[in-house]
Amino acid sequence: MTVSLLGAADIRRLAAELDVTPTKKLGQNFVVDANTVRKIVQAADVRPSERVVEIGPGLGSLTLAILETGASVTAVEIDHRLAERLPQTALDRGVPEGALTVVDADAMRVTALPGEPTVLVANLPYNVSVPVLLHFLETFPYLERGVVMVQAEVAERLAAKPGSKIYGTPSVKAAWYGPWKLSGSVSRQVFWPVPNVDSLLVGFHRDPEPRGSEEERLRTFAIVDAAFNQRRKMLRQALSGIFGSSAAASAVLESAGVAPTARGEDLTVDDYHRIALAAPAA
Ligand code: SAM
């Protein structure tokens with residue numbers, strides 16, 4: 001099977017044909033360089049016969065590079081014009097029938113994915129990159145790993161470790177599901193239009209066993225939100241609202257083995273989970 005990838009001229013021709021002017025609101029920066037989409041697919045280590053989900057396929061640059069490996073793709077696109085055109089683009093470029101399924105929907109609202117894909121590969125729309133990643137990890141337990149391209153600052157936050165300035169709620173919530181690692185940079189010049197921020201690739205592997213129940217996750221995330229809401233404050237203070245008083249917060253923290261004088265940015269996801277387990281049931 002030979003799939004031919006899209007170049008800059010193809011992207012502009014398709015956009016003109018569909019009368020699409022990329023919008024900021026939908027984070028539409030299309031990749032116009034075949035080497036870049038191949039690099040993303042390589043970073044994700046996509047194998048033939050794997051099932052991949054892509055969020056925001058746009059005109060299909062990355063989609064075709066994933067399909068080129070022999071993997072199948074479920075692609076979720078919010079822009080109807082793009083979603084409608086994509087199957088034809090795939091057929092025109094040599095993709096066998098049945099290898100691509102397009103879901104014309106807002107990725108933030110999808111609750112089932114045809115084919116239960118195990119790998120996520122995407123050039124994410126910047127405005128929803130973290131919420132959409134967390135939504136996918138929460139909703140689709142069959143997703144085992146992934147590589148996404150996001151704004152550099154977001155990628156660094158997702159992969160940040162405790163103690164760093166950029167460590168925050170996205171870092172802890174993402175770590176709930178497994179480890180994250182930066183996996184390469186992408187030049188601004190490969191996008192149309194050229195964005196005014198840098199992009200990085202970041203990858204994750206879901207832990208083989210879930211860390212805790214859904215109820216534990218929700219309790220842990222509420223504690224994380226409270227801790228980072230007042231990140232300069234000591235935890236006994238920052239969590240006083242959740243636990244009723246700073247004395248009650250200190251007692252919970254101590255029984256979880258966490259110093260009440262620590263700050264939210266010093267704690268690992270394990271620490272947060274232990275605090276949630278030590279907390280009296282609501
Ligand atoms: N994958 C294409 C590429 O690399 O050229 C396009 C990437 S572009 C950064 C983001 C894409 O996500 C656009 O096609 C946009 O329409 C789509 N998008 C934006 N918000 C979305 C959402 N909530 N659900 C699904 N797709 C969305």
Side-chain angles (χ1 to χ4, degrees), residues 3 5-15 18-44 46 52-68 71 73-87 89-90 93 95 100-114 117 119-136 139-140 146-152 154-155 184 186-202:
V3 173
L5 302 191
L6 299 171
D10 301 311
I11 296 285
R12 283 178 194 270
R13 182 180 45 74
L14 276 169
L18 296 176
D19 201 17
V20 164
T21 309
T23 69
K24 266 209 161 131
K25 189 170 155 249
L26 292 179
Q28 289 176 334
N29 296 93
F30 301 113
V31 175
V32 296
D33 174 56
N35 288 330
T36 301
V37 286
R38 283 207 174 104
K39 173 175 156 174
I40 299 171
V41 172
Q42 260 175 22
V46 175
V52 176
V53 59
E54 182 187 6
I55 300 168
L59 292 161
S61 320
L62 180 56
T63 323
L64 292 173
I66 305 167
L67 289 161
E68 187 186 37
V73 174
T74 298
V76 186
E77 173 59 59
I78 197 172
D79 187 324
H80 304 304
R81 297 163 302 176
L82 302 177
E84 206 173 35
R85 180 62 166 87
L86 190 56
T89 305
R93 311 294 294 195
V95 173
L100 170 68
T101 306
V102 179
V103 179
D104 184 347
D106 179 347
M108 286 298 296
R109 292 173 184 273
V110 288
T111 52
L113 293 173
V119 188
L120 169 65
V121 181
N123 168 17
L124 289 177
Y126 288 160
N127 41 340
V128 291
S129 48
V130 171
V132 86
L133 276 172
L134 294 177
H135 171 65
F136 267 50
T139 315
F140 308 120
V147 167
V148 293
M149 176 152 70
V150 290
Q151 199 175 332
V154 172
V186 178
S187 155
R188 293 180 190 199
Q189 304 310 319
V190 304
F191 296 97
W192 171 65
V194 174
N196 49 15
V197 290
D198 289 321
S199 297
L200 287 176
L201 300 180
V202 63

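One-based numbering, in listed order, for ligands and for the atoms of each.
The distance from ligand 1 to the heavy atoms of G27 drops below 4.0 Å at these ligand atoms: 8 (S), 9 (C), 10 (C). Atoms of ligand 1 found under 4.0 Å from any heavy atom of E54 (numbered from 1 in listed order, with element): 1 (N). The V76 neighbourhood of ligand 1 comprises atoms 25 (C), 26 (N), with distances under 4.0 Å to a heavy atom of that residue. Counting atoms of ligand 1 from 1 in the listed order, those under 4.0 Å from a heavy atom of D106 are 22 (C), 23 (N), 24 (N). Listed by atom number, the atoms of ligand 1 under 4.0 Å from N29 heavy atoms are 7 (C), 8 (S), 9 (C). Remark: ligand 1 atoms within the under-4.0 Å shell around heavy atoms of S61 are 5 (O). Which parts of ligand 1 touch Q28 is read off a 4.0 Å heavy-atom cut-off, strictly below it: atoms 13 (C), 15 (C), 16 (O). Every atom of ligand 1 is numbered from 1 in the order shown, and the set under 4.0 Å from a heavy atom of F30 is 5 (O), 6 (C), 14 (O).
Residue contacts with ligand 1 for P57 involve N, CA, C or O but no side-chain atom from C-beta outward (heavy atoms, distance under 4.0 Å). Contacts of V132 with ligand 1, taken as heavy-atom pairs under 4.0 Å, are absent altogether. Neither the backbone nor the side chain of M149 has any atom closer than 4.0 Å to an atom of ligand 1 (non-hydrogen atoms only).
Listed for the S129 side chain is no donor-acceptor partner under 3.5 Å among the backbone atoms of V150. Counting only distance, with no hydrogens or angles, the side chain of D104 and the backbone of A83 share no donor-acceptor pair below 3.5 Å. When atom types are taken as modelled, the side chain of E77 and the backbone of G58 share a donor-acceptor pair closer than 3.5 angstrom. Side chain of H80 to backbone of A105: no donor-acceptor contact under 3.5 angstrom is found.
Interatomic distance, CG of D10 versus OG1 of T89, reported as 9.5 Å (0.5 Å rounding).
For the residue pair G60 and L86, the shortest heavy atom distance occurs at CA-CD1, 3.6 Å. Taking both residues in full, the closest heavy atoms of P87 and L100 are given as CA-CD2, 4.1 Å, listed atom of the first, atom of the second, then distance.
When the options A107, A75, P131 are ranked by their closest heavy atom to atom 24 (N) of ligand 1, first place goes to A107. Of the candidates V103, V121, I66, I78, it is I78 that places a heavy atom closest to atom 21 (C) of ligand 1.
The nearest heavy-atom contact from the protein to atom 19 (C) of ligand 1 is L26 O, 3.0 Å. For atom 16 (O) of ligand 1, the nearest protein heavy atom (residue, atom name, distance) is E77 OE2, 2.6 Å. The nearest heavy-atom contact from the protein to atom 20 (N) of ligand 1 is P125 CG, 3.6 Å.
Between R81 and D19 there is no salt bridge, since no side-chain N of the basic residue sits under 4.0 Å from a carboxylate O of the acidic one.
Below 3.5 Å of separation, one finds an N or O of G56 facing an N or O of ligand 1. Where the criterion is an N or O separation shorter than 3.5 Å, residue side chain and backbone included, N123 meets it with respect to ligand 1. Of the N or O atoms in D79, none lie within a sub-3.5 Å distance of an N or O in ligand 1. Taking distance alone, with nitrogen or oxygen atoms compared against 3.5 Å, V31 approaches ligand 1 more closely than that limit.
Residue contacts with ligand 1 leave out R109, since none of its heavy atoms falls under 4.0 Å from the ligand. In this structure, A105 is part of the shell of residues with a heavy atom less than 4.0 angstrom from ligand 1.
None of V31, V121, V52 except one satisfies the side-chain contact (heavy atoms from CB on, under 4.5 Å) rule with L62; the exception is V121. Tested against R93 for a side-chain contact (heavy atoms from CB on, under 4.5 Å), the candidates T63, L5, L64 yield a single pass: L64.
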Applying side-chain hydrogen bond (donor to acceptor under 3.5 Å, both in side chains) to E54 and N123, what does each step give before you reach the verdict?
CA-CA 8 Å; E54 182 187 6; N123 168 17; over 6 Å; no

Intermediate values then yes/no, side chain to side chain contact (heavy atoms under 4.5 Å, CB included), Q189 and V194:
CA-CA 6 Å; Q189 304 310 319; V194 174; 4.0 Å; yes

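Annotation: side chain of I55 is in contact with side chain of L124 (closest heavy-atom distance under 4.5 Å).
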